[in-house]
K.L.:
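Structure in structure tokens, see below.
The chains referred to below are lettered A, B, ... by the order of the sequence lines, with proteins before strands, and numbering in each begins at 1. Source: prediction; values computed, not measured.
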Number of protein chains: 2
Amino acid sequence: MVKKRPVLKESEFFSKGQLYFLPHISIDCVIFGFHNNELKVLLLQWKETLKWCLPGGFIYRDEHVNDAAIRILKSRTGLEDVYLQQFYTFGDPQRDRGNHGVKQKKNSWINDRFITIGYWAIVEYSQVKPTADEFSKTCEWWDIDKVPKLILDHNDILKEALESLRKNVNEYPVGKNLLPPKFTMPDLQRLYETLLGKKLDRRNFQKKMLSLDILQRLKERKSGVAHKAPYLYKFDEKKYQRALKQGLKFGL
Amino acid sequence: MVKKRPVLKESEFFSKGQLYFLPHISIDCVIFGFHNNELKVLLLQWKETLKWCLPGGFIYRDEHVNDAAIRILKSRTGLEDVYLQQFYTFGDPQRDRGNHGVKQKKNSWINDRFITIGYWAIVEYSQVKPTADEFSKTCEWWDIDKVPKLILDHNDILKEALESLRKNVNEYPVGKNLLPPKFTMPDLQRLYETLLGKKLDRRNFQKKMLSLDILQRLKERKSGVAHKAPYLYKFDEKKYQRALKQGLKFGL
DNA sequence: TCAAAAGTGTTCGTAATACACCCATGG
DNA sequence: CCATGGGTGTATTACGAACACTTTTGA
């Protein structure tokens, strides 16, 4: 169980000269969603500079790094129990060499060198309530192809996260996390096509997905659509969990 | 180019009360070798407690984390330019919960909580000169199946490293790094069998390896062996590099 | 009524798997 | 001289890729 932590304002980061957080170490989260057949990523905009960045935060001195990532994720999305994956730790001493830094206060601990631990998460778009933090003006979804220049090395981090996610696509059924509970086969295909960046054959795709034996076709069809109405599917929870344990391969 | 760093004794870790290294962050290296058809890992033994651990170290305040890993690796093996891979960052606040800690000096910075960044390396066994550091008595190769209880969570780290290495086996030709320049096809097969933990068919293995078109068969055969003398192979440097760029799949 | 999208099934080629024969060597 | 390990080739299978026809729907 993850310990509850108060949300601190910057003025409360210190107690008797002692920083609540570990110095020099931060966490950055790349939060992916899927909507309108587009892959989205959640970004924050700084109040003063109006520059964009990945949601991130620091680690309490007695907090598990993974718990810190969960906490940060929850504070920006409102979601718990999401698929969250640590993918790389960025340790360049000049991570701000691109000159998109956010130096704000002189001699602040926040201007020290930071090593950042990168996590990515896949979440159900419609469930997310994007929530800004104390330092930021807004928190918004961005189309992955339209992401602006971010602060520090956050564009690099995003790039690496995407690569890591793509590698996972063939080993983990990401649909469960990125799609709503009920979805159509074409929906699922769009998702994979977007993630993999290539077109897939409709029929072979369906065959492969069904052969994994983790989907359950519902009797209903999608209503109010043009052309022939596609069936709705959902993940069969039991089979899904069983398949996860023994590790399933996609090979798309 | 990696900056040269002096090897500091513990008494020299501080200058005017300022620690040379980043606090709370360490690096641990899992260094793999292959010898006598067995997968080996390089371990250090502490002088006082005689407990074993992974080679590790700290990060200079202005040093790239990857460079720190390279530096640590070189100081324990004498090798540069090895295949080194960051695989996970371990962030449990009670990493010493197993009670195999090495608390030595009270109130020392070294007893603080540490987050450690894990790297694994694959090296050519015969090229390595295992070298102990200031704190350790010896530095030795251990059979991967006979590794003793290590300090802190180092057994976990080793386990994760092995898993990460195994995942890489199918995407990276590890033979080049783990075998001597000249080797036989059975040698290569033993390596893969050890890494994957399963027997492979002799003939299919050879077919697959040759089909990758990165090996070059030499005219010589291995001498002084019982039974039919196997051919020697080496990696064709050009083809090897070309294959690496376009990414080759093994599927073993 | 017809274009566009969805459901279903067949063929084909390649790649993985299984397996058999001959050759060389040291004990 | 034969048991053991190594070199090479072939049959079989499985899976992914390519592809065709029918059905449904709203504009």
K.L.:
Whether the side chain of A:R221 and the base of C:dA6 hold a donor-acceptor pair under 3.5 Å is what I'd like checked.
P.N.:
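There is none.
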
K.L.:
With distance as the sole criterion, is a donor-acceptor pair present between the side chains of B:N66 and B:Y119 under 3.5 Å?
P.N.:
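Side chains of B:N66 and B:Y119: pair found under 3.5 Å.
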
K.L.:
Once you round it to whole Å, what is the distance between P of D:dC15 and NZ of A:K249?
P.N.:
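That distance rounds to 15 Å.
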
K.L.:
B:Y231 ring centre to B:K222 NZ or CZ under 6.0 Å, with the angle to the axis within 45°?
P.N.:
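The answer is no; the distance or angle limit is not met.
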
K.L.:
Which residue, B:R190 or B:D201, contacts DNA chain D at a nucleotide closer to its 5' end, judged by nearest heavy atom?
P.N.:
B:R190

K.L.:
Round to a whole Å and report the spacing from CG of A:D187 to C1' of C:dA5.
P.N.:
13 Å

K.L.:
Where do B:K249 and B:E171 land on the salt bridge (Lys or Arg N to Asp or Glu O under 4.0 Å) test, with the steps shown first?
P.N.:
CA-CA 5 Å; B:K249 284 280 171 191; B:E171 289 168 25; 3.6 Å; yes

K.L.:
Does B:K207 make a side-chain donor-acceptor contact with the base of C:dT14, cut-off 3.5 Å?
P.N.:
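It does not, because no donor-acceptor pair links the side chain of B:K207 to the base of C:dT14 below 3.5 Å.
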
K.L.:
Here's a test for you: under side chain to side chain contact (heavy atoms under 4.5 Å, CB included), which of B:Q216, B:M185, B:M209 qualifies with B:Y233?
P.N.:
B:M185

K.L.:
Which residue, B:D156, B:I151, B:I157, forms the side chain to side chain contact (heavy atoms under 4.5 Å, CB included) with B:R95?
P.N.:
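Testing B:R95 for a side chain to side chain contact (heavy atoms under 4.5 Å, CB included) against B:D156, B:I151, B:I157 leaves exactly one candidate, B:I157.
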
K.L.:
Record whether the side chain of B:R202 comes under 3.5 Å of the base of D:dG7 through a donor-acceptor pair of N or O atoms.
P.N.:
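Indeed, a donor on one side and an acceptor on the other fall under 3.5 Å apart.
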
K.L.:
Under 4.0 Å between a side-chain N or O of A:Q206 and OP1 or OP2 of C:dT8?
P.N.:
yes

K.L.:
Rounded to the Å, how far apart are B:N204 CG and D:dT13 C1'?
P.N.:
13 Å

K.L.:
Quick one: A:F205 CZ to C:dT8 C1', roughly how many Å, whole number?
P.N.:
16 Å

K.L.:
Reckon B:K208 touches a base, only the sugar-phosphate, or nothing at all at heavy-atom distances under 4.0 Å?
P.N.:
sugar-phosphate

K.L.:
Taking donor-acceptor contacts at under 3.5 Å, does the side chain of A:R203 reach the base of D:dA17?
P.N.:
no

K.L.:
In whole Å, what is the span from the NZ atom of A:K199 to the P atom of C:dA5?
P.N.:
11 Å

K.L.:
To the nearest angstrom, how far is B:M185 atom CE from D:dG5 atom C1'?
P.N.:
15 Å

K.L.:
Where the side chain of A:Y231 is concerned, which of C:dG7, D:dT8, D:dG6 is the nearest nucleotide?
P.N.:
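Of C:dG7, D:dT8, D:dG6, C:dG7 is nearest to the side chain of A:Y231.
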
K.L.:
Could you give the CG-to-P distance, from B:L215 to D:dG7, as a whole number of Å?
P.N.:
13 Å

K.L.:
Just compare C:dA5, D:dA17, D:dG5 and give me whichever is closest to any side-chain atom of A:K228.
P.N.:
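Closest nucleotide to the A:K228 side chain: C:dA5.
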
K.L.:
Mind calculating the distance between CG (A:L196) and P (D:dA17) to the nearest angstrom?
P.N.:
12 Å

K.L.:
Kindly indicate whether the side chain of A:H227 and the base of C:dA4 share any N or O donor-acceptor pair separated by less than 3.5 Å?
P.N.:
yes

